[in-house]
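The structure presented is a predicted model; accordingly, all values stated were derived computationally and were not measured.
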Amino acid sequence: KLKHPPVRSMLDKGVIVALGTDFNPNAYCVSMLTVMNLACIMFRMSMEEAIVAATLNSAASVGKSDMYGSIEIGKWGDLVVFAAPSWEHIIYQMNASEIITHVVKKGKVVFSKE
């Protein structure tokens with residue numbers, strides 16, 4: 001069994017942590033919602049830490065935070081819109097397909113449930 005990385009300790013020391021899926025035979029997961037949920041449960045990340053790690057920090061980890069990772073003027077505008085009572089709800093929701101209402105790519109709606 002692999003030992004878990006010391007994520008909580010790293011965060012407490014100011015290390016910037018990124019989250020992502022690792023779609024391979026050893027870790028068959030493509031759901032960022034599941035990854036954020038597990039990060040909160042297994043690594044004691046707060047929901048705020050998990051969403052930043054999954055968005056802005058992940059973009060920064062691959063050198064793309066100038067155009068991706070947050071909603072700002074001048075960035076590409078890639079995002080998913082959820083029908084949820086609050087942003088925290090998406091971390092609890094394990095099946096995103098039930099609550100996704102829109103997908104926006106480069107500022108254009110590419111999927112709408114409506």
Checklist line | Distance, nearest 0.5 Å, that separates CG of L79 from OG1 of T55 | finding: 11.5 Å

Note to self: So, taking the atom named CD in E48 and the one named CD1 in I91, what distance separates them when rounded to the nearest 0.5 Å?
What the structure shows: 8.0 Å

Checklist line | Minimum heavy-atom distance M32-G20, with the two atoms named | finding: SD-CA, 3.7 Å

Note to self: Within the structure provided, determine whether L33 and N37 are in side-chain contact (heavy-atom separation under 4.5 Å).
What the structure shows: no

Notebook entry, point to check: What are the two closest heavy atoms between N57 and V17, and how far apart are they?
Noted result: ND2-O, 2.9 Å

Next item on the list: Name all residues meeting the ring-ring contact (aromatic ring centres under 6.0 Å, His included) criterion together with F43; count only those two or more places apart in sequence or in a different chain, and write none if there are none.
Entry: H4

Check: Shared ILVMFWY cluster between V110 and I100, side chains joined below 4.5 angstrom?
Finding: yes

Notebook entry, point to check: Which atoms form the tightest heavy-atom contact between K75 and Y68, and what is the distance?
Noted result: NZ-O, 3.4 Å

Notebook entry, point to check: Under a single-linkage definition using a 4.5 Å side-chain heavy-atom cutoff for Ile, Leu, Val, Met, Phe, Trp and Tyr, are V52 and M67 assigned to the same hydrophobic cluster?
Noted result: no

Checklist line | Inter-residue atom distance Y92.OH - S86.OG, 0.5 Å rounding | finding: 8.0 Å

Checklist line | Linked, directly or transitively: M42 and V35 (ILVMFWY side chains, under 4.5 Å) | finding: yes

Next item on the list: Please say which of V81, V103, T101 ends up in a side-chain contact (heavy atoms from CB on, under 4.5 Å) with F111.
Entry: V103

Check: Does the side chain of I51 reach to within under 4.5 Å of the side chain of I90, using non-hydrogen atoms?
Finding: yes

Check: Would you say the side-chain atoms of S58 pair up with the backbone N or O of L19, donor to acceptor, closer than 3.5 Å?
Finding: yes

Margin query: For W76, is the CH2 atom crowded, meaning more than 12 foreign heavy atoms sit under 6.0 Å from it?
Written below: no

Item checked: Joint cluster assignment, L56 & I71, ILVMFWY side-chain distance < 4.5 Å -> no

Notebook entry, point to check: Would you call D78 and K106 a side-chain contact if the rule is heavy atoms closer than 4.5 Å?
Noted result: yes

Next item on the list: Could you list the residues that satisfy salt bridge (charged side-chain N to carboxylate O under 4.0 Å, His left out) with R8, not counting sequence neighbours?
Entry: D12, E49

Notebook entry, point to check: Transitively linked via ILVMFWY side-chain contacts under 4.5 Å: V80 with V104?
Noted result: no

Note to self: Can you confirm whether K113 is buried at NZ, in the sense that more than 12 heavy atoms of other residues, nucleotides or ligands lie under 6.0 Å from that atom?
What the structure shows: yes

